[in-house]
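Just so it is clear: chains get the letters A, B, ... in the order the sequence lines come, proteins before strands, and each one is counted from 1.
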Number of protein chains: 2
Amino acid sequence: MTVTLADVADRAGVSPATVSRVLNGNYPVAAATRERVLAAVDELDYVPNGPASSLAAATSDLVGILVNDIADPFFGIMAGAAQSAIGEGGPGRAGGGEKLAVVCNTGGSPERELTYLTLLQRQRAAAVILTGGSLEDPGHLAATAAKLARLADGGTRVVLCGRPPLPGDTTAATLAFDNRAGARRLTEHLLELGHRRIGYVAGPADRTTTRHRLEGHRAALAAAGVPEGPAAHGRYDRSSGYEATSELLRLDPELTAIVAANDTVALGVCAALRDRGLSIPDDVSVAGFDDLPFSVDAVPALTTVRLPLHEAGVRAGRLALGTEPAPPGGLATVPAELVVRGSTGRPRGWPADAGG
Amino acid sequence: MTVTLADVADRAGVSPATVSRVLNGNYPVAAATRERVLAAVDELDYVPNGPASSLAAATSDLVGILVNDIADPFFGIMAGAAQSAIGEGGPGRAGGGEKLAVVCNTGGSPERELTYLTLLQRQRAAAVILTGGSLEDPGHLAATAAKLARLADGGTRVVLCGRPPLPGDTTAATLAFDNRAGARRLTEHLLELGHRRIGYVAGPADRTTTRHRLEGHRAALAAAGVPEGPAAHGRYDRSSGYEATSELLRLDPELTAIVAANDTVALGVCAALRDRGLSIPDDVSVAGFDDLPFSVDAVPALTTVRLPLHEAGVRAGRLALGTEPAPPGGLATVPAELVVRGSTGRPRGWPADAGG
DNA sequence: TTGAAAGCGGTACCAT
DNA sequence: ATGGTACCGCTTTCAA
């Protein structure tokens, strides 16, 4: 049958307690004894029973990583980085130590988010990391905050990555992307190039990332005294960008630039422009957010705001592990940086040296 | 402190056994009793202790999904589909039922693959799904097979998705993509268009997908009596495709088409061609494998083989759940289909109506 | 239909 | 430095 700790103890001629100590390395054990125990472990090919330890120790080695869309590299990059950061934790031995970092796909659904949190609570997870923008619905926010509070006082470490802190929540360590400043810089760049008719393709109306990026965009326009162009909302996916583009061009056929709330959306914008016989960036310049290698490299003319997804993921992993100290006030803002690619993307007829 | 089953029992005026029965729904309980118990559960906001149930029941509700690269939509699509298929399983109640589907990122490393399998074994996972091509190293294959055998006789259901069955393994249900036929069809298509000098960018040398796709490619060439063009190996990522392209063009500057073992790689190929001032598909046609919406939509001229990633993921999830019966012989081959996009991609000077 | 109680496999405190 | 041994919270016979 399956080998238990008691079997190992018998084989090594020691007590179960000693085996436990050797495996967990949290208590002094004579070198000779340790050797015998480890030998027995190998010979019997013993694998500890996770649930049993979790029950006894009142905590498990599971770390949950919640993402809105697992098929989007935006989350893949963050989650992957977090997972490696967490994997570094323990030794390679058969004994405990290593955490099991697991990613859970909410599909952007608030219900599934809560379901997963409950599941992780049930597992007595060591930590949970919530990534990406969240819904702004007050009801859901309250429910989430309550759930996170329960998790926290159940001993689960909570980390928010790429989403703002919850109102009234003090337990979660937060890494927030500076979406406002990033979006602002993106639009400022287009303005400097001479663009005056700029469309905007936004994400779902009720998400924090959507709102913050839109705010940054508008702030740039307002500061420059340029009137706001047409905007269209949609999902954070390609087809949404495609459809929104038709809408924008219908509202203003003279657009010279389009800002997309997300690189994936930007790809859809590009596709729509091509299908209408417009070239990028000669007819219309396109700017995106995220700088995902996958999508952006395919359109070298894209101007983009880069989010340090990988770095944020690593830090989130360390916060979950407790390796990195919580940021002051529980919140750290991760900056976003502007990336300008192959082409300058000036509107037609605009002098090449204008705009500084 | 935290609410236990006993608390619920007290509140409802019944025994712990009864509460357990109500929550698991696997035993008849009087309707009135059930009501009282469920009420108590709600009032106390009871969340079952997962490790405790897993220990007692000798199985957990964890389902592990192993992927080679979580930042690659190829795996994201499959994993996401599998996860939803698994989520459908149980009811929404506080009680048991729902499985926790978790994706684990191996990064393509055999060691991490084994580590995750051990971790899942330790958790007494209900099922594990291994996705994507595997290493062909005999040592690793044997180790994996052994590990999977242990998992299986520990009660864990094993599903292989997008990778061939292990030699001598009878326990795993397998869904394999028809990589050979897909690659063959891709190359046949280029041949029909008139291409005669075709380069090939392959994946890592020791992976099953790499070998099978290359075999299909060569089979098509051999059948047509066309000599094999240059080939270059690399990772399954964009920069690898970029570098390989320089290599291929150095080996044969007269290439009219390049086949990439993967869409992500194909994107790198496209980037390299653009940087050399070559247009797609007028100077060089590019063909890829996978048909990921992300990358492929960015290059409408790309000819591609589409793998039904989503469907495979769903089926893998059902197999893991036991909802779908195992395929005959334990193995089902999932077909691959050819997708031809915007351009015909004929080589220059080739008559438009040639080749059928 | 319901209750009582014996585990499930470790952990950690208390002895020695 | 090591052993003995009550739990941890739930499942599952066995009785009633």
Side-chain angles (χ1 to χ4, degrees), chain A residues 1-38 40-41 44-62 94-97 121-124 126 154-155, chain B residues 1-38 40-41 44-62 94-97 121-124 126 154-155:
Chain A
M1 281 288 302
T2 76
V3 182
T4 74
L5 202 163
D7 299 332
V8 176
D10 283 353
R11 189 84 151 87
V14 299
S15 78
T18 301
V19 177
S20 174
R21 288 175 187 133
V22 170
L23 258 26
N24 292 308
N26 51 11
Y27 209 86
V29 172
T33 314
R34 145 176 289 109
E35 290 314 314
R36 264 186 305 141
V37 169
L38 291 179
V41 165
L44 269 45
D45 199 14
Y46 168 66
V47 175
N49 182 311
S53 349
S54 299
L55 174 56
T59 178
S60 82
D61 48 10
L62 267 187
Q121 178 183 7
R122 180 184 310 176
Q123 299 296 330
R124 303 300 189 257
Chain B
M1 280 297 302
T2 75
V3 182
T4 73
L5 201 164
D7 299 331
V8 176
D10 284 353
R11 188 83 151 86
V14 298
S15 76
T18 302
V19 177
S20 172
R21 287 174 188 134
V22 170
L23 259 27
N24 293 308
N26 51 10
Y27 208 86
V29 172
T33 314
R34 144 175 290 110
E35 291 314 314
R36 264 187 302 141
V37 169
L38 291 179
V41 165
L44 268 45
D45 198 14
Y46 169 67
V47 175
N49 183 311
S53 348
S54 298
L55 173 56
T59 176
S60 82
D61 47 10
L62 268 186
Q121 178 183 6
R122 181 185 309 176
Q123 299 295 331
R124 303 300 187 257

In whole Å, I'd like the distance from the [atom1] atom of [X] to the [atom2] atom of [N].
| X | N | atom1 | atom2 | value |
| --- | --- | --- | --- | --- |
| B:R124 | C:dC8 | CZ | P | 13 Å |
| A:L5 | D:dG3 | CG | C1' | 13 Å |
| A:D61 | C:dG10 | CG | C1' | 13 Å |
| A:D7 | C:dC8 | CG | C1' | 13 Å |
| A:L23 | C:dA12 | CG | P | 13 Å |
| B:D10 | D:dG9 | CG | P | 14 Å |
| A:N26 | C:dG10 | CG | C1' | 12 Å |

Does B:A57 or B:T18 map to a spot on DNA chain C nearer the 5' end, using the closest nucleotide for each?
B:T18
Please tell me if the side chains of [X] and [Y] come closer than 4.5 Å, counting only heavy atoms from C-beta onward.
| X | Y | answer |
| --- | --- | --- |
| B:R21 | B:V29 | yes |
| B:R11 | B:D7 | no |
| B:P48 | A:R122 | yes |
| B:Y46 | B:L5 | yes |

Closest to the [X] side chain, choosing from [options]:
| X | options | value |
| --- | --- | --- |
| B:N24 | C:dG10, C:dG3, D:dT11 | D:dT11 |
| A:A17 | C:dG10, D:dC10, D:dT5 | D:dT5 |
| A:L55 | D:dC10, D:dG3, D:dG9 | D:dG9 |
| B:S53 | D:dC10, C:dG10, D:dT2 | D:dC10 |

For [X], which contact category applies under a 4.0 Å heavy-atom criterion: base, sugar-phosphate, or nothing?
| X | result |
| --- | --- |
| A:A30 | sugar-phosphate |
| A:V14 | sugar-phosphate |
| B:V29 | sugar-phosphate |
| A:T33 | sugar-phosphate |

Judged by modelled atom types alone, do A:Q123 and B:D61 share a side-chain donor-acceptor pair under 3.5 Å?
yes
Does the side chain of [X] get closer than 4.0 angstrom to OP1 or OP2 of [N] through an N or O atom?
| X | N | result |
| --- | --- | --- |
| B:S54 | D:dC10 | no |
| A:Y46 | C:dG10 | yes |
| B:N49 | D:dC8 | no |
| B:S15 | C:dA4 | no |
| B:S20 | D:dT11 | yes |

When you measure only distances, ignoring hydrogens and angles, does the side chain of A:R21 come within 3.5 Å of the base of C:dG10 through a donor and an acceptor?
no
Given B:V19, which of B:T33, B:T4, B:V14 fulfils the side chain to side chain contact (heavy atoms under 4.5 Å, CB included) condition?
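When B:T33, B:T4, B:V14 are each tested with B:V19, the side chain to side chain contact (heavy atoms under 4.5 Å, CB included) holds only for B:V14.
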